[in-house]
Amino acid sequence: MGRPYALLRAGFPYFKTIGMRRTTNFPMDFARSSDGTCFILGRGQAASEIRRLSWEDDNLGAISGLGMDEGKIYWPSSMVIDKDDVIYVSDEATHRISKFDTEGEFIECWGEQGSDEGSLDRPAGLALDADQNLYVADGLNHRIQLFTRDGEHVRSFGEHGSGPGQFDMPWGVTVDEEGYVYVADWRNDRVAKLTPEGEPVMCIGKSGSEDGELNRPAGVAVDAHGDIYVADWGNDRVQLFDRTGRFVEKFIGDATLSRSGVSYMMTNAKPMRLREMARLEEQKRFGSPTSVNVDDEFHMFVTDYARYRVQIYKKEAYPLSEEEIIPPLNAPTLQTT
């Protein structure tokens, strides 16, 4: 199904939270397997693992774990799951990509530190295209590399700089259904849209904290409507842009306690008292969101890094044909009659 001509945007309300401190510490990325299991990638000396949760927030245990050896992760950045339920994890410390099945069995890994084609230097974001090839944001080589699922290098594009087609420590990456590649360009405070071969198409954002401006964007996602989501890490928010790059709205966090969080509180008197004394307004807000993901049902998943959880939202929008809406206005305003 192609993209709609326009949208009636009814709303984008908060849906629920999963995860909690001690279970999903310092989450970096989120993915779901074909059976709906949620996988949350943690990072840190006590948190470098892949935690499994049910959609209902049941703790299903962790896979992999901290280490520099093959089959372990040390400073992971990103995670994706392919159509065969194989998990791919990028690791900045070991400069490699590791593969696991959803039960945690190690499959293989590839990558070594360097700047030659196929080598990596602090790999970050991962994204799969329609052919299940893997795009890798090669952070300190300031480029994007494409590999087959088995780690065979296909091509690279990008170089250090701030011009079109250049990057300065690219972090997040995604691919839309048309094959275009979107890169969260961390130090350039922008999101770049490129062809699969790396030809520049569009840039979104500039440095700042106003609507449409970015401060160290860490993640990017695109939904079936063509809407573009950016995890605006330094501004503690997620921003939504339409397919043309026009700012639509922002999300600052609206979390309630997760189901597991409520259960923990109900059996621990001291945390219960501390929460009762806390300023709850700030407890709802995002703290350094590291990634944003969307699914086919228009759920938005935000890894809330400093709050140890994933916040989930649900888009409500209705596709419109060209006959159902007037052409764009020269001076758009909701007050036009």
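With Arg279 as reference, Glu282 is the one residue of Glu281, Glu276, Glu282 to meet the salt bridge (charged side-chain N to carboxylate O under 4.0 Å, His left out) rule. Partner of Val89 under the side-chain contact (heavy atoms from CB on, under 4.5 Å) criterion, out of Ile97, Ile50, Asp29: Ile50 alone. Between Arg143 and the options Asp138, Asp168, Asp116, a salt bridge (charged side-chain N to carboxylate O under 4.0 Å, His left out) holds for only Asp138.
Ring geometry for Phe12 against Phe251 counts as perpendicular: the plane angle is over 60°, on a 0 to 90° scale with 30° as the lower cut. Between Phe286 and Tyr313, the ring planes are tilted. Angles from 30° to 60° get that label.
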### Task
Walk me through it: do Arg190 and Asp185 pass the test salt bridge (Lys or Arg N to Asp or Glu O under 4.0 Å)?
CA-CA 5 Å; Arg190 66 188 184 189; Asp185 194 358; 3.2 Å; yes

### Message
Apply ring pair (Phe, Tyr, Trp, His ring centres under 6.0 Å) to residues His299 and Phe15 and explain how you reach the verdict.
### Response
CA-CA 8 Å; His299 292 102; Phe15 186 71; 5.2 Å; yes

### Chi angles and distances behind the side chain to side chain donor-acceptor pair (under 3.5 Å) call for Thr37, Asp35
CA-CA 6 Å; Thr37 302; Asp35 66 1; 2.9 Å; yes

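The OG1 atom of Thr244 sits 8.0 Å away from atom CD1 of Ile228, with the distance rounded to the nearest 0.5 Å.
A heavy-atom distance below 4.5 Å is found between the side chains of Asp295 and Phe301.
Looking at Asp57 and Arg309, no side-chain N of the basic residue comes within less than 4.0 Å of a carboxylate O on the acidic one, giving no salt bridge. Between Arg43 and Glu92, at least one side-chain nitrogen of the basic residue sits less than 4.0 Å from a carboxylate oxygen of the acidic one, meeting the salt-bridge criterion. At a threshold of 4.0 Å, the pair Lys99-Glu105 does not count as salt-bridged, since none of the basic side-chain nitrogens sits closer than that to a carboxylate oxygen. Classification of Arg155 and Glu117 as a salt-bridged pair fails, no side-chain N sitting under 4.0 Å from a carboxylate O. In summary, Lys250 and Asp211 engage in a salt bridge, as defined by a charged side-chain N under 4.0 Å from a carboxylate O. Comment: Glu49 engages Arg51 in a salt bridge, judged by a side-chain N to carboxylate O separation of less than 4.0 angstrom. Using a 4.0 Å cut-off between charged nitrogen and carboxylate oxygen, Asp85 and Arg32 do not count as a salt-bridge pair.
Residue Tyr180 qualifies as open at atom OH: its count of foreign heavy atoms under 6.0 Å is 12 or below. Around atom CG of Asp84, more than 12 heavy atoms belonging to other residues, nucleotides or ligands sit under 6.0 Å away. Around CD of Glu178, the count of heavy atoms belonging to other residues, nucleotides or ligands within 6.0 Å exceeds 12. At most 12 heavy atoms of other shown residues, nucleotides or ligands fall within 6.0 angstrom of atom CD in Glu152. Other residues, nucleotides and ligands contribute over 12 non-hydrogen atoms within 6.0 Å of the NZ atom of Lys314.
Looking at Asn188, its side chain never comes within 3.5 Å of a backbone N or O of Arg216 through a donor-acceptor pair. Looking at Asp304, its side chain does come within 3.5 Å of a backbone N or O of Gly287 through a donor-acceptor pair. Asp131 places no side-chain N or O within donor-acceptor distance of the main-chain N or O of Asn133, the cut-off being under 3.5 Å. Judged by distance alone, the side chain of Ser48 and the main-chain N or O of Gly44 form a donor-acceptor pair under 3.5 Å. A donor-acceptor contact shorter than 3.5 Å links the side chain of Gln239 to the backbone of Glu213.
A donor-acceptor pair shorter than 3.5 Å cannot be found between the side chains of Thr174 and Tyr229. Thr303 and Thr290 share a side-chain donor-acceptor pair at under 3.5 Å. Using a 3.5 Å distance cut-off with no hydrogens or angles, the side chains of Tyr135 and Asp129 do not pair a donor with an acceptor. Side chain to side chain, Lys315 and His225 meet the donor-acceptor criterion of an N or O pair below 3.5 Å.
Under the 4.5 Å side-chain contact rule for hydrophobic residues, Met266 and Leu257 share a cluster.
Proximity of the aromatic rings of Trp186 and His142 is defined here by a centroid distance below 6.0 angstrom, and this criterion is not met. In this structure, Phe147 has its ring center under 6.0 Å from that of His153.
Nearest heavy atom pair, residue Pro319 against residue Pro4, reads CB-CB, 3.6 Å.
Sorted by first then second residue, the salt bridge (Lys or Arg N to Asp or Glu O under 4.0 Å) pairs that include residues 235-248, not counting sequence neighbours, are Asp232-Arg237, Asp242-Arg246. Note on residues 68-103: pairs passing ring-ring contact (aromatic ring centres under 6.0 Å, His included), not counting sequence neighbours, are Phe100-Phe106. The list of salt bridge (Lys or Arg N to Asp or Glu O under 4.0 Å) pairs with a residue in residues 254-269, not counting sequence neighbours, reads Asp58-Arg259, Asp254-Arg285.
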